[in-house]
Amino acid sequence: MKNSLYRGLTALTLSTALLGLTTSCMKDLDQTPKFELTPDKVYVDLNGYKQVLAKLYGGFALTGPSGPGSGDIRGIDAGTSDYIRQYWSAQELTTDEAVIAWNDPGVQEWHNMNWDANDPLLRGLYNRCYYEIAICNEFIREASDDKLSSRLGSGEQAQGKLFRAEARFLRAVAYSHIIDLFGNGPFVSENDAVGASRPPYYTRKQLYDFVVSELQAISSELAPARTNEYGRIDRAAAQGYLARMYLNAGVYTGTPEYAKAAEEAKKVIDSGYTLSTTASAASSAYGRNFLADNHLPPAANEIIWPVIFDVTRVQSYGGTTFLINGATSGADGAWQRYVGQSTGWGGLRTTSALVNKFFLAGGDTTRDTRGRFWTRGQSLAINDLSQFTQGLGVVKYRNVTSSGTGLGGSLNFSSVDFPMLRLPDMMLIYAEAAARGNADRAIALGYVNQIRARAFRNAAGSAITLAQLTPEFILDERARELHWEGTRRTDLIRYNRFTTADYLWPWKGGVAAGRAVESFRTIFPIPSSDLTANPNLRQNAGY
């Protein structure tokens, strides 16, 4: 069952004391617990452990314990605080792939690239990452070998250790986002006593070393690839995140690790995940990865780690509800029907820079099934970011099944699972490493052409040659294949295109034609509220 991982989650409300919120950014959560839940009452058996594990996974999808209007963190609207919504906004709205029409505090600063340390959305993103780290830490503390042996039967302890490895993975992911987005920050692990002291400041290199060591350590402890319950991670997910860390090691540490990135990516590619190559009545083979039944094959054979959403059981104003409703016109019934919803929020669009990726360098939206834009009533050019009709709509995520059945219903939430990690990303990581001289170019060419054959429905002329396998081609191919999946900002920074004048897009830096911005904006500032709360921290340069 798709959402069996979250079954019973709403019945479990974890108190501040139980979560062990020791990061300084969580000081506003230090409130009287609403429920008398203590570890000895929660971790009573394997089911108790699994309910808390569901909370850890749910931290990426849900905003609070009482439905989509509730929030685990303060200082930000609950619906806006969703992990995927905040992370996606930081990774996409700051780039050529997305703009937004709304004028809520902090929203336009994403694309204008003029945020500061008091930005409420950056504070919400930072706190959401550290909230996830805090709840993972507490679970890991309660899943020590001694505690598992005292609470679980001998036949259950192996499952308890598997849960612990998964919690360590989820914590590593949250820390990897801190590394990528903020560079430096406070560090807390399960070894730190709750509330004992202010968390120490860790540099980007220190955090990187921790995440890499964690992913390496747990790889052998996780379930083999494609053997775990749907929605839970496996060994391939750890290898995939290692590949991502190594791909960006040059940015994070100053020492490139492309050969290691290729090695880890190849492990994932060879682990049994396969590309979705069968079209359906509602979409192309590529498009099936972004429909409401993407928890079923063939999409489920390609998505290595999904964050689960469900129209009735896993509701959020973030996640894919944000990506579908937020990118749909509320005045166009045909648009709403196409994406499977009965309303639209009129916010998200894309720029001509992304659209052009499908017309230049061998791509076009007539043949390339990855480029799906809503044009009716929309202009390609953007003269005013606040006008939703300016900029094309992106209809990548659709709340319909493969048969074309809509699932929005009266609640208008999404059942599309968000792909945190997908096989083509691994293939393109290997290809980039090869293009940079750190992996087998012939193997890489095969991977790229598999991706393109699927995209072009095996049409003649879709394949590239070995001479075309360049880093620049891979950057554009990643935009075509992975747009709106939360990778673009990281990719542009790795290629030194994010802040510089080497690549401009509409309204980059708040100027219609685009402009270079300060180089320090490759990382975000540590929120001023956390600097005030924790004197151990240091602000990132430039802020």
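Quick note: numbers below take in every heavy atom, side chains included, and nothing from hydrogens, waters or symmetry partners. In what follows, residues are counted from 1 in the order of the sequence shown.
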Please determine whether a side-chain nitrogen of the Lys or Arg among Arg244 and Asp425 lies less than 4.0 Å from a carboxylate oxygen of the Asp or Glu. yes
Arg226 backbone acceptor or donor facing Asp234 side chain under 3.5 Å: yes
>> Is a donor from one side chain sitting under 3.5 angstrom from an acceptor on the other, for Tyr57 and Glu166?
In response: yes
(request) Assign the ring pair Trp374 / Trp335 to parallel, tilted or perpendicular, where the plane angle (0 to 90°) is split at 30° and 60°. (result) parallel
| Donor-acceptor under 3.5 Å (Glu92 side chain, Gly486 main chain) | yes
request  = Answer yes or no: is there a donor N or O on one side and an acceptor on the other, between the side chain of Asp72 and the main chain of Tyr131, under 3.5 Å?
outcome  = no
Check: Gln378 side chain, Phe388 main-chain N or O, donor-acceptor pair, under 3.5 Å: yes
Just by distance, with hydrogens left out, do Ser402 and Asp293 show a side-chain donor and acceptor under 3.5 Å apart?
yes
* Asked: For residues Gln86 and Arg128, is any side-chain donor paired with an opposing acceptor at under 3.5 Å?
  -> no
I'd like to know if the side chain of Asn399 pairs up with that of Gln341 as donor and acceptor (distance under 3.5 Å, no hydrogens or angles considered). yes
_Working for ring pair (Phe, Tyr, Trp, His ring centres under 6.0 Å), residues His177 and Tyr126_ = CA-CA 9 Å; His177 293 159; Tyr126 178 91; over 10 Å; no
- Regarding Glu302 and Thr274, is there a side-chain donor-to-acceptor distance under 3.5 Å anywhere? no
task: Decide whether Tyr317 and Asp82 meet the rule of one side-chain donor and one side-chain acceptor closer than 3.5 Å.
output: no
Q | Check: Asp77/Thr80 side-chain N/O donor and acceptor closer than 3.5 Å | A | yes
- Is there a side-chain hydrogen bond (donor to acceptor under 3.5 Å, both in side chains) between Gln390 and Asp384 once you walk through the steps? CA-CA 7 Å; Gln390 297 181 22; Asp384 184 344; 5.6 Å; no
Looking at Ser414, is its backbone amide N or carbonyl O close enough to the side chain of Asp310 to form a donor-acceptor pair, meaning the two atoms are under 3.5 Å apart? no
_Between Glu132 and Leu170 (side chain of the first, backbone of the second, donor and acceptor by atom type, cut-off under 3.5 Å), is there such a pair?_
no
Practice item. Could you verify whether a donor N or O on one side chain and an acceptor N or O on the other, from Thr351 and Asp96, lie under 3.5 Å apart? Key: no
Under 3.5 Å, is there a donor-acceptor pair between the side chain of Gln336 and the main chain of Ser329?
-> yes
Quiz item: How far apart are the C-alpha atoms of Ser528 and Asn118, what are their side-chain angles, what is the distance that settles it, and do they pass the side-chain hydrogen bond (donor to acceptor under 3.5 Å, both in side chains) test?
Solution: CA-CA 6 Å; Ser528 56; Asn118 295 308; 2.4 Å; yes
Ignoring hydrogens and angles, tell me if any N or O in the side chain of Lys55 forms a donor-acceptor pair with the backbone of Gln51 under 3.5 Å. no
